[in-house]
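To keep things clear, I will list the structure first and then write my remarks on it.
Every number for a ligand or one of its atoms is a count from 1 in the order of the listing. What you see is a predicted model; the values in this text were computed from it and never measured.
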Amino acid sequence: MKAHRLLASAVLLALLVFSLGYSQAPPDKADTQMVNRIWEEAVNRSRLMKDLSYLTDVIGPRIPGSPAMKKAYDWAAAKFKEYGLENVTIEPCGPFGLGWSNEYISVHMTAPSYCPIVAYPVPWTLGTRGKIIGQPVLAIIKTKADMAKYKGKLKGAIVFTTPPHPTPPVYKPLARRLSEQDLKQIIETPIPIKPADKSSKPEVSWDDLVAYYRTEGVGVLVESSTGRSDYGTVHVDAYEGNGKDNLTPGQSPKIIMAAEQYARICRIMDFQVPVTLEVEVRSTLYDKDRQGYNVVADIPGTDKKDELVMLGGHFDSWAGGTGAVDDASGCMVVLEAMRVLKALGVKPRRTIRAAFWLGEEEGFYGSRGYVFTHFGDTDKKILEKPDWEAYEENWRNPLGDSKKIIAKPDYDKISGYFNYDNGSGRIRGIYIQENFQVRPIFEEWMKPLRDIGVTTIALQPTEGTDHLPFDYIGIPGFQFIQDPIDYFPSLHHTNQDVYDHCSAEDLVQSAVVMAAFVYHTAMREEMLPRKPLPIPVERAK
Ligand SMILES: [Zn+2]
């Protein structure tokens, strides 16, 4: 080959490389300087714990449709405005159902000896008709024969409906961080194999039992707290009935009692010694405004302002504690991440939108509503009208028998959604929901966060919270890997879910990581890559 031809080839090659490089997006690289600025603001001028305290200590637990929930919406909207965010909206997310609040509970054992009792009402159940004074009846109903046995015997009674729950010593530590070994296990993605169907239906369904208690006219139903319920921890949510509780009016009054006290009363009854209990519960159901609402706020984008990056947590809670770890923590991480970005005067390319979702605990009402309103749904409306029983049966196929996704225009304009809802433990990485393509991008973004513990990308999906409605229809939606600390089994859905058990250092770290992730997503040349879907996407006209 002659020299001038060699030279020509080299020039051609250089041109080719140059033009290839030019036509492709620049490689992903973390903006270390911006991460440094986020860190400086978030660590030195944090508002997170003050905001968390006001929301949980002053406003308290947030059952959808309750006056407290309404107060929380207004407080959040004012906070977003105070921190300089724009387009602050309390936005309807579709019908929710009944609201509920508890105003009063008082439970005492007055014979054979006096003992004040720790107990909490179950959301959406009615209050008692005044103070009930009487002997408890232990009536565990599982079969039709049990129903017949107690027929006509429970009118106005204090009915113990569960066996006592043992509280043996637990030798495991209450709180823990994810070890190197734990993180390694999270990375090792299990290959999904359909498990054998072991489900069996109870002889008496939840609906039948609710109807039975109502017809029998029970005074109040009492359950022992279950799960890890030692040292006065009371688990109280309303999971029975596939989360329908918020739709069923007139459910008999039901309270959950501390396990040790419930067991003590059962032991006294075993001696055939009379027990006298006093129980009074006052609750209110609200049926005027059955609409659910999310609170959303923006930092508007610049050259790509029509495109979105979203971050969120759920604003509702159960009512045993104040919903501090689940999920006021998530919302305050989101609020703080937005405050920090705004305080730094960030001008993101895409619009960054924060969302506080309603009704996650009852079935992702807020996030589902937002996704089907703004981005789309399937032809079978699996987001608008989810069938949770079918969902349980459709292994790895949340779209059920939908034939297509009907996408709204904004479907093609949302890059990604980042969720925070696994307690107040610091972020150790991210679950990427089997989206292989985001791994190299997130790896780069995580490099400057390594020294604050963010090291792990898990390909496997994680379930159970508000990133799912996005994920179901193909929008990149993620939940972070968080240190469990004492979330399970001591805080989640218990009376101990309070400010005191939120870890300040973990939440500050989480706000830094959240801000860094949404910032990089907002500044990236391209939107985040999407994973393949099992059905086609049709653009709505
Ligand atoms: Zn939660």
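- By the ring-ring contact (aromatic ring centres under 6.0 Å, His included) test, His374 pairs with Tyr370, sequence neighbours left out.
- Using a cutoff of 4.0 Å between basic side-chain nitrogens and carboxylate oxygens, Glu505 and Arg177 are scored as salt-bridged.
- Partners of Ser205 by side-chain hydrogen bond (donor to acceptor under 3.5 Å, both in side chains), not counting sequence neighbours, listed by chain and number: Asp208.
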Item checked: Derivation of the salt bridge (Lys or Arg N to Asp or Glu O under 4.0 Å) call for Asp51 and Arg339 -> CA-CA 12 Å; Asp51 290 341; Arg339 184 197 70 77; over 6 Å; no
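- Neighbours of the Zn ion (ligand 1) restricted to protein N, O or S atoms under 2.8 Å: the count is 4.
- Tested against Phe96, the residues Tyr365, Tyr293, Tyr286 include a single ring pair (Phe, Tyr, Trp, His ring centres under 6.0 Å) partner, Tyr365.
- With sequence neighbours left out, the ring-ring contact (aromatic ring centres under 6.0 Å, His included) criterion links Tyr120 to no other residue.
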